[in-house]
Amino acid sequence: MIDSELARGHTALLLVDPYNDFLSEGGKLWPRIAATRNAARLHANLRAVLRGARGAGVPVVTVPHHRYAPGNLDAWRFATPYQTGSARALVFQRGEWGGEWHPDIGPLPGELVVKEHWASSGFANTDLDLQLRQRGITHVVLVGLVANTCIEGTGRAASELGYHVTLVADATAAFSNAALRAAHDINASSYAHQLVATEHLLEQFSAIALDTTHHHHHLHNNEEPS
């Protein structure tokens, strides 16, 4: 057993923007991510992290970006260049394939999906903080897309609000290797408490895994332990 910086019963996995447009062949933003160094292992690592969290009893909370529909920002005074570009391209378009979850990197039925964020922070103008506090969460683990915008924006906000923040270096990606380097080598230490690889995170999950053995005698013979 390794020591874990995570807290049993008080840790949540924040899965940021697991959309087809980011993660799937044919997605509007996938080609930009596919050309970078984290792309090759990205899907395998995200799947492993989700499996590890669910197996350890760590709740998975999906933190989704706003799904654009035509005209969404027409009345806005101060949309950023990033937002106007996204609105023009209808990134994560509401009701379309690009705005659906990647088929095996998304929430399962019954898992919490919080309100959509409009810029980089999953906390701004959403119910994320409320939902975490009501569940007694003090430690958040961030995975998903992309490292220097929504992951960083959400992680910084979490740290400002008093959460313990874990970044998983190889379970995120960015649109360039330089952006990834800025996010991790330069910015991470100013707000994150630890920057770990997927393999190390899975060891930490194991160390805080809930002991489910005492539940097994409640199962009927025809049921498998989940």
Side-chain angles (χ1 to χ4, degrees), residues 1-19 22-23 38 41-64 101-114 122-123 126-145 147 150-152 154-155 157-159 161-173 184 188 191-220 223-226:
M1 279 280 191
I2 66 149
D3 284 336
S4 182
E5 281 197 38
L6 307 177
R8 175 182 295 187
H10 301 284
T11 297
L13 178 72
L14 304 188
L15 174 63
V16 181
D17 298 348
Y19 288 124
F22 265 149
L23 284 164
N38 267 22
R41 296 284 307 155
L42 179 63
H43 296 78
N45 289 341
L46 284 167
R47 287 188 198 103
V49 168
L50 285 168
R51 256 197 325 272
R54 288 164 179 150
V58 170
V60 174
V61 179
T62 298
V63 180
W101 312 129
H102 181 283
D104 54 339
I105 304 170
L108 296 179
E111 289 180 340
L112 178 62
V113 179
V114 298
F123 287 94
T126 77
D127 58 333
L128 178 55
D129 185 49
L130 173 71
Q131 294 280 17
L132 295 177
R133 290 189 191 281
Q134 287 288 11
R135 288 164 170 76
I137 299 299
T138 54
H139 291 58
V140 294
V141 178
L142 280 150
V143 299
L145 286 307
C150 292
I151 297 290
E152 180 163 321
T154 303
S159 131
L161 290 166
Y163 293 92
H164 179 286
V165 177
T166 296
L167 297 179
V168 190
D170 53 359
T172 182
H184 292 159
Y191 68 91
H193 302 86
Q194 56 169 355
L195 175 68
V196 298
T198 294
E199 185 183 6
H200 187 206
L201 177 73
L202 295 178
E203 291 171 353
Q204 293 197 27
F205 278 166
S206 295
I208 63 160
L210 304 176
D211 177 15
T212 52
T213 49
H214 62 283
H215 295 310
H216 288 178
H217 66 273
H218 297 304
L219 293 168
H220 301 300
E223 284 182 357
E224 288 294 320
S226 53

What are the two closest non-hydrogen atoms of [X] and [Y], and how far apart are they?
| X | Y | answer |
| --- | --- | --- |
| Pro59 | Thr11 | CD-O, 3.2 Å |
| Glu5 | Gln204 | N-OE1, 3.4 Å |
| Ala48 | Thr198 | CB-CG2, 4.3 Å |
| Pro64 | Trp101 | CB-CH2, 3.7 Å |
| Ala188 | Leu167 | CB-CD1, 3.8 Å |
| Val60 | Ala53 | CG2-CB, 4.2 Å |

Enter the distance from [X]:[atom1] to [Y]:[atom2] here, rounded to the nearest 0.5 Å.
| X | Y | atom1 | atom2 | value |
| --- | --- | --- | --- | --- |
| Asp17 | Thr154 | CG | OG1 | 8.0 Å |
| Asp170 | His184 | CG | NE2 | 9.0 Å |
| Leu145 | Ile105 | CG | CD1 | 9.0 Å |
| His43 | Arg47 | NE2 | CZ | 6.5 Å |
| Leu14 | Leu132 | CG | CG | 6.0 Å |

Arg41 CZ: over 12 foreign heavy atoms closer than 6.0 Å: no
Does any non-hydrogen side-chain atom of [Y] lie less than 4.5 Å from one of [X]?
| X | Y | result |
| --- | --- | --- |
| His139 | Thr166 | no |
| Leu46 | Leu23 | yes |
| Arg133 | Tyr163 | yes |

Side-chain H-bond candidate by donor/acceptor type, His102 with Asp104, under 3.5 Å: yes
Step-by-step side-chain contact (heavy atoms from CB on, under 4.5 Å) determination, Gln131 to Leu112: CA-CA 9 Å; Gln131 294 280 17; Leu112 178 62; 3.7 Å; yes
Working for side-chain contact (heavy atoms from CB on, under 4.5 Å), residues Leu15 and Glu111: CA-CA 11 Å; Leu15 174 63; Glu111 289 180 340; over 6 Å; no
Steps toward side-chain contact (heavy atoms from CB on, under 4.5 Å) verdict (Thr172, Leu142): CA-CA 9 Å; Thr172 182; Leu142 280 150; over 6 Å; no
From CA spacing to verdict: side-chain contact (heavy atoms from CB on, under 4.5 Å), Val143, Leu50: CA-CA 9 Å; Val143 299; Leu50 285 168; 5.9 Å; no
Taking [X] for its side chain and [Y] for its backbone only, find out whether a donor-acceptor pair lies under 3.5 Å.
| X | Y | value |
| --- | --- | --- |
| Ser206 | Leu202 | yes |
| His164 | Leu6 | no |
| Asn45 | Ala197 | no |

